[in-house]
Amino acid sequence: MIRQFFIFILLLVSQASMAQEAREILRKHFKAHGQDLWKEMNSVIVDGKWVDEDYHSYPMKLTYKYPGKIRLEGTYENKRYAEATNGELSWIVAPWKSRYEVQQMGTSEEIVIKNSFSRGSPLDPLRDHLSFLGLSDIEGVLYFTFLMDEASYRRTFYIDQKNYRLYYETIESKFDGTPVSILKTIEKYKLYNGLLVPTAVYFKGEDFERELVFDEIYVGMGANDDLFEMPNGQ
């Protein structure tokens, strides 16, 4: 009985220590991303390009509006494309689809659009619901690892031990049917007036690859909510 009591106490101490470590890691992570400054920014416009698995690049404009509204648009082989989410419904019209008309996105497409940009760290709105997993290996390097188990997705975040920046995220769908798993890689960052901004975000799934390259960032530009709504009431 005494032995079990001491084991129980050790477990409590260990859990408390791990929780304290997790809070400190997140504090340094949010500071590294300039999260306090990001909270003042409700809209962002990005000029850049997206690159497919064959390294062909296409002009892209990304419009972000807090919370979670994102639109990508541009030209693909002389035809217009648009992809958007209002945070709930995600839609696309694009010449690379079998039908060049407005339609709802598939799971992989929705994962990409919803995770293509965030207001600073994507961990910020989840901070009270994250589970700290300790150190995990990805691409041969150990990272601080946090898990968010949502109703629709299981998301795992990998934070660098030295600079506390987020470099990898795995997103796994939990819908019925064939599960989808996508690895998101943030290759480089740059500082923009104290805000840490990715210069490129790379997505890799079982049957596709896509990279979004951010060339110019404009903050606080404003965005009409209609931009993110599915056209024609579909």
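Scanning all heavy atoms of the two residues, the minimum distance from Asp215 to Gly48 falls at OD2-CA, 3.5 Å. Taking all atoms of both residues into account, the shortest heavy-atom contact from Gln20 to Arg23 is OE1-NH2, 2.9 Å. Listed here is the closest heavy atom pair of Phe157 and Leu123: CD2-CD1, 3.4 Å. Closest approach of Thr63 to Phe228, counting heavy atoms only: O-CE2, 3.5 Å. Nearest approach of Ser121 to Ser118, heavy atoms of both residues: C-OG, 4.0 Å. Minimum interatomic distance between Arg127 and Leu26 (heavy atoms only, all atoms of both residues): O-CD1, 4.5 Å.
Put simply, the side chain of Gln35 never gets that close to the backbone of Gly120: no donor and acceptor are under 3.5 Å apart. Judged purely by atom type and a 3.5 angstrom limit, Trp91 has no side-chain atom pairing as donor or acceptor with the backbone of Val102. With hydrogens and angles ignored, the 3.5 Å screen pairs no side-chain donor or acceptor of Glu187 with any backbone N or O of Thr185. At distances below 3.5 Å, not a single donor-acceptor pair connects side-chain atoms of Tyr164 with backbone N or O atoms of Arg27. The backbone N or O of Thr85 lies less than 3.5 Å from no partner atom in the side chain of Ser90, so there is not a single donor-acceptor pair. Remark: the backbone N or O of Trp38 is not paired with any side-chain donor or acceptor of His33 at under 3.5 angstrom. A donor-acceptor pair under 3.5 Å links the side-chain atoms of Asn224 to the main chain of Asp226, judged by distance alone. Put simply, the side chain of Lys65 gets close to the backbone of Ala223: a donor and an acceptor are under 3.5 Å apart.
Using a 4.5 Å cut-off on side-chain heavy atoms (C-beta onward), Ile182 and Ser108 make contact. At a threshold of 4.5 Å between non-hydrogen side-chain atoms, the residues Tyr168 and Thr156 do not count as touching. Put simply, the side chain of His129 does not reach to within 4.5 Å of the side chain of Glu150, judged on heavy atoms. Residues Ile45 and Leu62 form no side-chain contact, since every pair of their non-hydrogen atoms from C-beta on lies 4.5 Å or further apart.
Between atom OG of residue Ser116 and atom CZ of residue Phe203 there is a gap of 6.0 Å, rounded to the nearest 0.5 Å. Met105 contributes atom CE, which lies 5.0 Å from atom CD1 of Ile92 (distance to the nearest 0.5 angstrom). Taking CD of Glu88 as the start and NZ of Lys69 as the end, the distance is 9.0 Å to the nearest 0.5 Å. Atom OH in Tyr192 sits 12.5 Å away from atom CG in Leu37 (nearest 0.5 Å). Within the model, atoms CG of Asp160 and CZ of Phe144 stand 8.5 Å from one another, a figure rounded to the nearest 0.5 Å. The distance from the CD atom of Glu211 to the CG atom of Asp52 is 10.5 Å, given to the nearest 0.5 Å.
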Q | Derivation of the side chain to side chain contact (heavy atoms under 4.5 Å, CB included) call for Val180 and Glu110 | A | CA-CA 11 Å; Val180 173; Glu110 185 170 53; over 6 Å; no
(Q) Applying side chain to side chain contact (heavy atoms under 4.5 Å, CB included) to Lys184 and Tyr158, what does each step give before you reach the verdict? (A) CA-CA 10 Å; Lys184 172 185 173 182; Tyr158 300 86; over 6 Å; no
(Q) Show, in sequence, the C-alpha distance, side-chain angles and deciding distance for Phe30 and Asp36, and conclude whether the side chain to side chain contact (heavy atoms under 4.5 Å, CB included) test is met. (A) CA-CA 8 Å; Phe30 294 133; Asp36 287 343; over 6 Å; no
Q: List the steps and the verdict of side chain to side chain contact (heavy atoms under 4.5 Å, CB included) for Arg80 and Thr75.
A: CA-CA 5 Å; Arg80 298 290 300 173; Thr75 305; 3.4 Å; yes
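Between Tyr76 and Tyr58, the angle of the ring planes lies from 30° to 60°, which puts this pair in the tilted group.
In the hydrophobic cluster analysis, where Ile, Leu, Val, Met, Phe, Trp and Tyr join through side-chain heavy atoms closer than 4.5 angstrom, Ile25 is grouped together with Leu126. Under a hydrophobic-cluster definition in which Ile, Leu, Val, Met, Phe, Trp and Tyr are linked whenever side-chain heavy atoms come within less than 4.5 Å, directly or via other members, Ile70 and Met41 are assigned to the same cluster. Under a hydrophobic clustering in which Ile, Leu, Val, Met, Phe, Trp and Tyr are joined whenever their side-chain heavy atoms come within less than 4.5 Å, directly or via other members, Ile111 and Leu212 fall into the same cluster. Under a hydrophobic-cluster definition in which Ile, Leu, Val, Met, Phe, Trp and Tyr are linked whenever side-chain heavy atoms come within less than 4.5 Å, directly or via other members, Tyr202 and Ile217 are assigned to different clusters. No continuous path of hydrophobic side-chain contacts links Val213 to Tyr189 [ILVMFWY only; heavy atoms under 4.5 Å].
By the neighbour-count criterion of 12 heavy atoms within 6.0 Å, atom CD of Glu206 is sparsely surrounded, having that number or fewer from other residues, nucleotides or ligands. For Lys190, the NZ atom sits in a packed shell: over 12 heavy atoms of surrounding residues, nucleotides or ligands are nearer than 6.0 Å. Counted within 6.0 Å of CG on Asp54, heavy atoms from surrounding residues, nucleotides or ligands total more than 12; the atom is thus considered enclosed. Counting non-hydrogen atoms of neighbouring residues, nucleotides and ligands closer than 6.0 angstrom, the NZ atom of Lys97 exceeds 12 such neighbours.
Salt-bridge annotation for Arg210 and Glu83: present, with a side-chain N of the basic residue lying under 4.0 Å from a carboxylate O of the acidic one. A salt bridge does not link Asp124 with Arg119: every distance from a Lys NZ or Arg NE/NH1/NH2 to an Asp or Glu carboxylate oxygen is 4.0 Å or more.
A donor-acceptor pair shorter than 3.5 Å can be found between the side chains of Trp50 and Tyr81.
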